[in-house]
Amino acid sequence: MDLSGLDKSRLPQHVAIIMDGNGRWAKERGKSRIEGHRRGKTSVRVIVEMSRKIGIPYLSLYAFSTENWLRPQDEIHALMGLLEHYLAAEQAKMMRYSIRLLAIGDRSRLPISVRRTLERVIDLTRDNKRMTVILALSYSGRNEVVRMVKRLASEVREGKYEPEEIDEKIIAAHMDTPDVPDPDLLIRTSGELRISNFYLWQIAYSELYVTPTLWPDFREKDYLQALIEFQRRRRRFGRTDEQVMDPAPSSLEASGIKS
Ligand code: IPE
Ligand code: IPE
Ligand code: MG
């Protein structure tokens, strides 16, 4: 893969992906939706590997939403099986390349064997430093907010915080991603122009990139195209073009907006 079109000094620190279109990919080929998910798993592997090679420190993958629990049981069952298989198959590679796994979402709803495997891999990879992969499983942005408010409210009740001192920093620290920088780039495959309850708080200033390519077809060249497009964007964070012109800041930190 020729990466010469990429400016290594302006890479996104965090890429988040809404991996959509597995069902349509399968339907177009007269295959079952589950075949689409199976092929989508290969895209996951390819995109994690490419992120690692390029040197993107954080990659979030929206794999299963809170609302996806409403799908037919056999599809849910197959997705959970694929997930467990993916985790078990990738753990050696995660250790070899120093990849840390995190999961966000309501883990209590996952089948016990998936949860055990997930927790084992999270635990095994906890000290890995090169890259962090964040799997959003049984996740929705609103559900995250609900859980955040519950945690924070009980800490206020315990006297840990005064309601008046609650600020953006304290809220961010109580979300599912306390030590993760906000996504710089949010990619959605399959052409849908919506967020579908993925990160809500965290994407306040993310650059959005939607491609008609279906997730099972999303591979290196598509990812490279998204990254190149990201590097063409001018992120203003509310300021004027002139203020951000030189040097073009590529992160909230650089703009001084995020305290
Ligand atoms: C994304 O593909 C995978 C999950 C949501 C689990 P879909 O299964 O949503 O595929 P489409 O949108 O029906 O094509
Ligand atoms: C979003 O895709 C969720 C994931 C990719 C895990 P959906 O297919 O569930 O979203 P909608 O229903 O088209 O909004
Ligand atoms: Mg979909």
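One-based numbering along the sequence shown. Order of listing sets the numbers, starting from 1, for every ligand and every atom in it.
In this structure, a donor-acceptor pair under 3.5 Å is present between the side chains of Glu144 and Tyr139. Side-chain polar atoms of Asn128 and Thr125 form no donor-acceptor pair below 3.5 angstrom. For Ser190 and Trp215, the side-chain atoms include no donor-acceptor pair closer than 3.5 Å.
Ranking the protein heavy atoms by distance from atom 14 (O) of ligand 2 puts Ser196 OG, 2.6 Å first. If you check which protein heavy atom lies closest to atom 3 (C) of ligand 2, you get Tyr62 CE2, 3.7 Å. Closest to atom 1 (C) of ligand 1 among all protein heavy atoms lies Met19 O, 3.0 Å. Protein heavy atom at the shortest distance from atom 9 (O) of ligand 2 is Asn68 ND2, 3.0 Å. Summary of contacts: the protein heavy atom closest to atom 13 (O) of ligand 2 is Arg194 NH2, 2.8 Å.
The shortest N or O to N or O distance between Trp25 and ligand 1 is not under 3.5 Å. Annotation: Asn22 places an N or O atom under 3.5 Å from an N or O atom of ligand 1; distance criterion only. Taking any N or O of Gly23, backbone or side chain, at least one lies under 3.5 Å from an N or O belonging to ligand 1.
Under a 3.5 Å cut-off, the side chain of Thr189 and the backbone N or O of Leu214 do not form any donor-acceptor pair.
Looking at heavy atoms from C-beta onward, Ile47 lies in side-chain contact with Ser51 at the 4.5 angstrom threshold. The shortest side-chain heavy-atom distance between Thr66 and Asp106 does not fall under the 4.5 Å cut-off. With contacts defined as side-chain heavy-atom distances shorter than 4.5 Å, the pair Phe64/Met80 qualifies.
Residue Arg71 has at least one heavy-atom neighbour below 4.0 Å for each of these atoms of ligand 2: 7 (P), 8 (O), 9 (O). Listed by atom number, the atoms of ligand 2 under 4.0 Å from Phe64 heavy atoms are 6 (C).
Residue-and-atom listing of protein N/O/S atoms under 2.8 Å from the Mg ion (ligand 3), sorted by chain and number: Asp20 OD1.
When non-hydrogen atoms are compared, ligand 1 lies under 4.0 Å from neither the backbone nor the side chain of Ser190. Contact annotation for Ala63 and ligand 2: only backbone heavy atoms (N, CA, C, O) come within less than 4.0 Å of the ligand. Contact annotation for Arg188 and ligand 2: only side-chain heavy atoms (C-beta onward) come within less than 4.0 Å of the ligand. Residue contacts with ligand 1, taken as heavy atom pairs separated by less than 4.0 Å, do not involve Glu192 at all.
The side chain to side chain contact (heavy atoms under 4.5 Å, CB included) test applied to Ser113 returns Glu84, not counting sequence neighbours. Residues satisfying the side chain to side chain donor-acceptor pair (under 3.5 Å) criterion with Glu67, sequence neighbours excluded, are Asn197.
Looking at Asp20, Leu61, Leu137, it is Asp20 that brings a heavy atom closest to atom 8 (O) of ligand 2.
Cluster partners of Tyr161 are Val145, Met148, Val149, Leu152, Val156, Ile166, Ile170, Ile171, Met175, Trp201, counting Ile, Leu, Val, Met, Phe, Trp and Tyr whose side-chain heavy atoms approach within less than 4.5 Å, directly or via other members.
Between Asp127 and Arg100, no side-chain nitrogen of the basic residue sits less than 4.0 Å from a carboxylate oxygen of the acidic one, so the salt-bridge criterion is not met.
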